[in-house]
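Below, read A as the first sequence line, B as the second, and so on, with proteins coming before strands; counting in each chain starts at 1.
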Amino acid sequence: MSKPLPSSFFDRPTLQVAEDLIGCMLVRARDGKTERYMITEAEAYDGFDDLASHASKGRTPRTEVMFGPPGRTYIYFVYGIHWMLNVVTGPQDYPSAVLIRGIEGIPGPARLTKALGITKDLNNMILSKKTGLWIEEGPAKISSSDIQKTPRIGVDYAGPIWSKKLWRFVLSRKN
DNA sequence: GGAGTGATGACA
DNA sequence: GTCATCACTCCA
C-alpha cells in the first residue's frame, strides 16, 4: 500500500493542500486494525488575517499548533461536545491548517473524530504510522471538475469578507 | 428551531 | 476570578 504523505505535501499553500486532500485516504490504526476512509470534504483556514481562523486572535497556547511545522494534527474541542480534526499546513510561524470536515460514509467533522476515536491525545502529533493517524494518496486522481468550492460552514461571525471565501472543498462525483 | 456542553480568550 | 463566545450535532 501507499505510504503516509510526507510533510512536504503539507508545506504548500493551504488552499492547494485542502483541494489536494480531497480524494486522499485518511488512515486510522488502532487496536491492531487499520481503517481507511476517503476524504470528501475539507476547509482551509489560512493566515493571520483570516477572521474565521482561530489564529487571527494571535499566537496563544491553543493556536500555537497552527503556527508550527506542517504535517501535524491540530485537534481542538468546541461547543463543549465536539472534537475537530485539522492538519497544519504551510511553513513554520505561518498560521494555517485544513479542517477535515468529512470522510466517506461519515459526513461531519465532529462525527468523524468520534468514529475514529480522535481526541486531544492526538493533538500536535506528526501524521505518521507511529501516531496511528495519517493520510495516504487516494486510489484515483480526482479531477478538479469533481470538486465543488463553497463558502465555509459556521463562520458567519467572521464577517462577509472571510465567510464568503470559497475555501471549502467537497467531492462531488459525477456519473 | 433550540439545547447541550466545557475549553478558551478577554477583561479585571 | 468572571463572562461571552464558539470551525457542531441531535432531536423536535
How is A110(A) classified with respect to the nucleic acid when contacts are heavy atoms under 4.0 Å: base, sugar-phosphate, or nothing?
sugar-phosphate
To the nearest angstrom, how far is H82(A) atom NE2 from dT8(B) atom P?
16 Å
Please confirm whether the backbone N or O of T14(A) pairs with a side-chain atom of S96(A), one donor and one acceptor, at under 3.5 Å?
no
If a pair means Watson-Crick or G-U wobble with both distances below 3.5 Å, what does DNA chain B look like in dot-bracket form, with | marking bases paired to a different strand?
||||.||||||.
Shortest non-hydrogen pair, W134(A) vs A29(A), comes out as CZ3-CB, 3.8 Å
For the pair made of OH in Y157(A) and P in dT5(C), what is the distance, rounded to whole Å?
13 Å
Examine distances only and state if a side-chain atom of T73(A) and a backbone atom of N124(A) form a donor-acceptor pair shorter than 3.5 Å.
yes
State which residues pass salt bridge (Lys or Arg N to Asp or Glu O under 4.0 Å) with R72(A); sequence neighbours excluded, sorted by chain then number.
none
From C-beta outward on I153(A), which listed nucleotide comes closest to its side chain: dC8(C), dA7(C), dC10(C)?
dC8(C)
Could you check how far CZ of F77(A) sits from P of dA7(C), rounded to whole Å?
14 Å
Protein-nucleotide distance (D156(A), atom CG; dT5(C), atom C1'), rounded to Å:
15 Å
Can you list, by residue number, the residues of residues 53-76 of chain A that have a non-hydrogen atom closer than 4.0 angstrom to DNA chain B?
T60(A), R62(A)
What is the separation between atom CD1 on I81(A) and atom C1' on dC10(C), rounded to the nearest whole Å?
9 Å
OP1 or OP2 of dC8(C) sitting under 4.0 Å from any side-chain N/O of R101(A)?
yes
When L99(A) is tested against each of R152(A), R168(A), M84(A) for side chain to side chain contact (heavy atoms under 4.5 Å, CB included), which residue passes?
M84(A)
Starting at atom CD of E41(A), determine the distance to atom C1' of dT9(C), rounded to an integer number of angstrom.
14 Å
Determine, answering yes or no, if Y79(A) is stacked on dG6(B) under the 5.5 Å centre rule and the 30° plane rule.
no
Separation of atom CH2 in W83(A) from atom P in dT9(C), rounded to whole Å:
15 Å
Just to confirm, is there a sub-4.0 Å distance from OP1 or OP2 of dA7(C) to any side-chain nitrogen or oxygen of K165(A)?
no
I106(A) CD1 - dT9(C) P separation (whole Å)
12 Å
How long is the straight-line distance from CG of D93(A) back to CE of M66(A), given to the nearest 0.5 Å?
13.5 Å
Assign R152(A) to base, sugar-phosphate, or nothing according to its heavy-atom contacts below 4.0 angstrom with the strands shown.
nothing
Just call it for K114(A): base, sugar-phosphate, or nothing, with non-hydrogen atoms closer than 4.0 Å on any strand.
nothing
Polar side-chain atom of S56(A) near backbone of F48(A) as donor-acceptor pair, under 3.5 Å
no
Is it true that R12(A) and D20(A) have a side-chain N and a carboxylate O under 4.0 angstrom from each other?
yes
What closest approach, in Å, do A44(A) and A18(A) show between heavy atoms, and which atom pair accounts for it?
CB-CB, 4.2 Å
Test your reading of the model: is there a side-chain donor-acceptor pair from T113(A) to the backbone of W83(A), 3.5 Å cut-off?
yes
